[in-house]
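So you know, we letter chains A, B, ... as the sequences are listed, proteins then strands, and number each from 1.
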Amino acid sequence: MDQKSHLPFSIFFMLAWRNLWRHKRRTIITLSSIAIGFGLTVFSIGMQDSGHNNMVDNAINMGDGHITIQHHEYLNSPANHRFIPNGKTLLNNLQHEKIAAQIVPRISLQALASTAHNAVGAAIQGITYDTDPLRDLLEKKLIDGNWLSPEKTNGIIIGEGMARKLKAKIGSKIVTVTGKKGGDSESHLARVQGIYKSGIDELDKYLIISTLDYATQYLVAEGGDAQQQPLTRIAIFLDDDKTMKKWKTILEGKYISPEITVLDWEEMLPQLIQYIVIDDLGAYIMQFIILLVIVFGIINTVLMGVLERTREFGLLRALGMSKRYLVTMVLLETLLLSCMAVIIGWLAGGSIHLYVATYGIDFSAMIPEGTTFAGTFMDPIVYSELSMERVFQLTIIVFTATLASGIYPAIKASRIPPIEALRT
Amino acid sequence: MTNMSNLLALKDIEKYYKQGEIQVHALRDVNLTLAEGEFAALVGPSGSGKTTLLNIIGGLDIASSGTISVNGTDLSSIPEQKLSQFRLFQIGFIFQAYNLVPVLSALENVELVMVLQGRSKKEREERAKHYLDIVGLADMMDRRPSALSGGQQQRVAVARALAAGPRIVLADEPTANLDSENATALLDIMFKLAKEEQTTFLFSTHDPRVMDVAHRIITLSDGMIKSDELHFQNK
């Protein structure tokens with residue numbers, strides 16, 4: 001036997017475990033408060049992440065994909081004459097890049113739409129009628145007519161709000177006029193082929209979907225060569241959004257020129273990023289407060305346990321237990337408490353999360369139809385989402401915070417002089 | 001004083017401490033030796049310095065001046081960390097208030113010091129059971145302190161102190177909280193063990209029954225040793 005003190009982990013564990021249960025009621029109350037706090041945090045983060053992901057997905061799908069290739073001045077100053085002149089070549093090259101994605105050409109135009117009754121400002125989105133993701137989103141929202149078809153190149157789809165304003169029906173003629181660089185205008189006649197109701201006012205009153213051929217006429221009028229397929233942009237919808245940064249870097253390396261730039265959705269939608277950052281900040285403050293409550297709950301329980309056992313700590317020190325062991329023992333009590341709390345918290349928060357991830361919560365009563373946030377919208381039914389990253393992040397934060405909260409009581413316990421402790 | 005070899009040697013021990021604004025001179029020029037296997041009682045009125053002296057010998061307190069040697073270790077020059085180890089391997093404590101760990105059973109309480117010493121599970125279990133058997137608690141090993149009487153708790157404390165194999169057992173008023181029957185039984189056990197295992201016992205006490213069985217009675221008054229007498233009893 002060497003002349004050093006030993007304490008096997010099993011004994012440490014046994015002592016810490018039994019000490020925790022000396023005051024069952026107190027431990028259960030502390031455990032419950034930590035678990036409820038943690039469970040609530042898990043649930044709220046799941047809901048918030050889901051809301052954000054939903055808004056981002058909608059923004060990407062309704063917008064211009066994860067990555068957009070367009071004229072380098074278009075973002076700051078969108079004008080019809082800022083287009084990619086040789087869209088055909090660029091599209092061909094991109095299709096050879098082996099990107100797991102949908103790569104779609106688009107023409108965006110600022111226009112005036114008019115009928116005999118009225119005129120409204122509009123945005124024309126010229127798309128390939130069959131492969132563009134906009135079809136997946138809007139075809140199911142059609143309340144009248146049909147989706148675009150190759151036979152009717154001047155066919156357009158308009159929103160219910162615009163149809164009402166222009167008093168347009170299926171088959172109605174609408175003249176779309178765009179201002180050209182230099183002051184002239186370009187107009188073409190379209191026919192309403194379908195009317196959609198997305199529930200988003202901004203879209204329903206403003207967005208016209210046309211075939212690519214119809215929109216190309218306007219770019220040709222701006223000097224584009226129809227043979228070269230002029231485009232406002234090429235939108236890339238990645239299968240895996242985690243590959244966005246990688247592909248952006250690759251495409252930047254290959255395709256950036258004095259005319260063309262490569263942007264990701266974060267650059268395209270800075271207001272959405274700002275909204276998420278501010279929303280996250282609010283949530284972090286709430287979570288910090290919850291965490292603070294958890295930490296003080298643990299400090300209170302462990303510190304009370306330490307102060308009550310001053311005499312016992314004195315005894316253990318008198319019998320030869322080192323300060324290091326005493327600190328470890330108190331920290332282990334904290335660790336056990338936080339382990340149990342995190343497990344119970346995960347069970348509670350995780351169960352709610354699983355339920356909400358499966359069945360969702362309907363917020364339609366709180367979020368009126370057509371409400372937009374930072375240029376996008378959130379589906380009224382929110383399904384909780386928690387990534388493994390979040391699971392680890394949360395667990396590590398709570399563990400670190402709870403362990404840290406045990407440090408003060410542990411040090412206090414180790415500093416009690418045995419002789420004074422035994423007098424108490 | 002004794003023809004046995006010295007296990008403990010105190011030389012010119014002085015102890016001062018502050019009580020509020022007042023400086024208390026708790027021990028004055030204490031010189032004392034204790035041989036292996038001695039069963040000695042430290043007596044004197046309250047405040048005479050008995051507990052202070054026991055604490056200094058046990059490495060729980062530090063003398064203001066003087067030297068103290070226990071089993072060849074000079075306590076005045078060893079750091080705090082080593083003092084813990086010294087207490088662990090050299091000293092057995094028996095306190096007036098029993099001081100058992102409430103969350104451990106009698107057996108686990110006795111094993112605790114041996115766990116810290118790093119003894120194997122088998123060895124510490126054997127020794128703990130052996131000593132609990134000697135103190136008459138073989139059938140109460142699994143009980144926690146709250147399920148034991150005061151006398152039984154103090155027996156567990158005795159078993160704990162001895163099972164760890166210390167060179168000196170320091171007992172601070174061990175019978176003060178016990179009734180006459182329990183006190184006598186406990187003293188008999190300690191006396192028997194001291195004799196059998198050649199363990200040195202130093203008691204601080206007011207209890208005449210302890211004085212009856214002690215080999216040697218050291219009387220303290222105002223922090224000074226007033227008398228140090230050998231005492232032969234009939235046991």
Contacting moiety of A:Arg22, where chain B heavy atoms sit under 4.5 Å
side chain
Region of B:Phe86 that comes under 4.5 Å of a non-hydrogen atom in chain A:
neither
Working to the nearest 0.5 angstrom, can you tell me the gap between A:Met321 CE and B:Ser84 OG?
10.5 Å
Using modelled atom types and a 3.5 Å cut-off, is there a donor and acceptor pairing between side-chain atoms of B:Arg87 and backbone atoms of A:Gly320?
no
Kindly check if the number of other-residue, nucleotide or ligand heavy atoms within 6.0 Å of CE (A:Met286) is above 12?
no
For B:Gln23, does the CD atom sit with more than 12 other heavy atoms under 6.0 Å from it, leaving out its own atoms?
yes
Locate the shortest heavy-atom distance separating A:Leu315 from B:Asn99; write the atom from each residue and the value.
CD2-O, 2.8 Å
Between A:Arg18, A:Arg309, A:Lys323, which shows the greatest number of heavy-atom pairs under 4.5 Å with chain B?
A:Arg18
Heavy-atom contacts under 4.5 Å, residues 39-61 of chain B to chain A
B:Asn55, B:Leu60, B:Asp61
Rounded at 0.5 Å granularity, tell me how far CD in A:Glu312 sits from CG in B:Leu100.
10.0 Å
For B:Phe95 and A:Ala318 the tightest heavy-atom approach is CZ-CB, 4.3 Å
Per-residue contact mode, B:Glu111 against chain A (heavy atom under 4.5 angstrom)
neither
Nearest 0.5 angstrom please: A:Leu316 CG to B:Leu116 CG, how far?
8.0 Å
NZ of B:Lys121 to CD1 of A:Ile11: how many Å apart, nearest 0.5 Å?
7.0 Å
For chain A, which residues of residues 131-149 of chain B have heavy atoms nearer than 4.5 angstrom:
B:Arg144
